[in-house]
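The structure under discussion appears below in the form of structure tokens.
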2 protein chains.
Amino acid sequence: MKVSHEVSALRQRFPDLVFEAGCPSRVLLDHVMSKWSPLVLLALAEGGTLRWSELRRRAEGVSEKMLAQTLRTLVDDGLVAREAHPVVPPHVDYALTPLGRELTDLLSPLMVWAFDHAGAILGVEPPPARRD
Amino acid sequence: MKVSHEVSALRQRFPDLVFEAGCPSRVLLDHVMSKWSPLVLLALAEGGTLRWSELRRRAEGVSEKMLAQTLRTLVDDGLVAREAHPVVPPHVDYALTPLGRELTDLLSPLMVWAFDHAGAILGVEPPPARRD
DNA sequence: CAGGATCCCCTAGGATACTG
DNA sequence: CAGTATCCTAGGGGATCCTG
């Protein structure tokens with residue numbers, strides 16, 4: 001089976017992988033898997049270069065605070081590039097870096113999968129037929 | 001580019017994708033991306049059938065509470081199968097379901113990527129490989 | 001428009017103890 | 001061994017107001 005291959009290969013290189021408590025990958029994973037990161041990342045993967053207000057609209061439900069916070073760590077991690085244009089009114093563009101694109105390449109299938117299975121898994125499937 | 005393809009295709013089918021606030025996929029994503037789920041899932045992907053105590057050891061740092069909680073939602077979601085053997089002392093086995101394996105197939109590359117880039121991104125050195 | 005700065009609530013999650 | 005049951009706190013995250 002495929003996965004075991006990959007993981008086993010990794011464990012040969014680094015016996016403790018992500019499983020070790022102090023492993024930096026856990027921190028990175030926490031960044032990336034935090035509530036809003038996937039949404040922002042995918043929005044950028046789909047939309048290319050986007051502005052703050054666009055991102056707010058796309059990631060439906062983000063508060064300004066969380067969007068700011070999410071973007072900041074994403075930028076700090078080098079996954080998203082921020083470009084501020086010194087005009088009035090302010091104009092700031094966000095886009096994926098190459099590294100960020102690597103990530104969304106992996107993240108995207110996951111979200112597609114989640115989207116496809118969420119209904120069945122969570123039992124919220126739209127009732128096919130009603131009889132009352 | 002690849003990602004945009006996938007996401008765009010999805011948006012054609014379902015205009016609001018994961019981006020919509022009420023989308024069930026968000027809930028599933030939150031389950032799957034919660035702090036310990038990836039670790040547990042990957043441990044099972046690598047280890048096959050594992051017992052509670054094994055999982056505790058592998059996902060270094062989980063508290064009993066969190067392991068229990070994580071496993072419960074994973075089982076409820078049909079991603080992990082739980083088999084309790086009515087012996088003394090108790091013996092309970094956990095393993096991925098086919099659905100769970102689908103998920104780890106997608107999760108695994110992500111964690112490998114995280115592991116490989118964490119050091120550079122966070123500005124830390126990865127834990128040295130141990131020769132025991 | 002793109003955020004800081006604040007206040008505050010809620011719960012994810014840790015520590016510890018107990019049980020079938 | 002494989003969990004529950006409690007208690008408790010840091011901080012994730014929302015709402016609101018403020019500013020360059």
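Only this structure's heavy atoms are used, side chains among them; waters, hydrogens and symmetry mates stay out. Just so it is clear: chains get the letters A, B, ... in the order the sequence lines come, proteins before strands, and each one is counted from 1.
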Grab the [atom1]-[atom2] distance between [X] and [N] for me, whole Å please.
X: R56(B); N: dG14(C); atom1: CZ; atom2: C1'; answer: 11 Å
X: M66(B); N: dT16(C); atom1: CE; atom2: P; answer: 16 Å
X: L50(A); N: dC1(C); atom1: CG; atom2: C1'; answer: 15 Å
X: L55(A); N: dA2(C); atom1: CG; atom2: P; answer: 9 Å
X: R72(B); N: dG13(C); atom1: CZ; atom2: C1'; answer: 14 Å
X: D93(A); N: dC1(C); atom1: CG; atom2: P; answer: 14 Å
X: L67(B); N: dT4(D); atom1: CG; atom2: P; answer: 10 Å
X: L71(B); N: dG3(D); atom1: CG; atom2: P; answer: 7 Å

Think [X] has a side-chain N or O under 4.0 angstrom from the OP1 or OP2 of [N]?
X: R51(A); N: dA2(C); result: yes
X: R82(A); N: dG3(C); result: yes
X: Y94(B); N: dC1(D); result: no
X: S34(B); N: dA12(C); result: no
X: S63(A); N: dG13(D); result: no

[X] has a side chain; which of [options] sits nearest to it?
X: K35(A); options: dG13(C), dG3(C), dG14(D); answer: dG14(D)
X: A68(A); options: dG4(C), dT6(C), dA2(C); answer: dG4(C)
X: P90(A); options: dG20(D), dA17(C), dG3(C); answer: dG20(D)
X: W36(B); options: dG14(C), dA2(C), dG3(D); answer: dG14(C)
X: K65(B); options: dG3(D), dG14(C), dC7(C); answer: dG14(C)
X: P89(A); options: dT6(C), dG13(C), dC1(C); answer: dC1(C)

Looking at CG of L122(B) and NE2 of H117(B), how far apart are the two atoms once the value is rounded to the nearest 0.5 Å?
->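 Here the interatomic distance stands at 12.0 Å.
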When rounded to the nearest 0.5 Å, the distance separating CG of L110(A) from CG of L42(A) is 9.5 Å
Note: M33(B) and P38(A) closest approach over all heavy atoms is CE-CG, 3.2 Å
State, to 0.1 Å, how close S37(A) and T70(A) come at their nearest heavy-atom pair, and which atoms those are.
-> OG-CG2, 3.6 Å
Given L44(A) and T104(A), is the side-chain contact (heavy atoms from CB on, under 4.5 Å) satisfied, shown in steps?
-> CA-CA 9 Å; L44(A) 291 173; T104(A) 58; over 6 Å; no
Could you say whether Q69(A) or E54(B) is positioned toward the 5' end of DNA chain D, judged by the nucleotide with the nearest heavy atom to each?
-> E54(B)
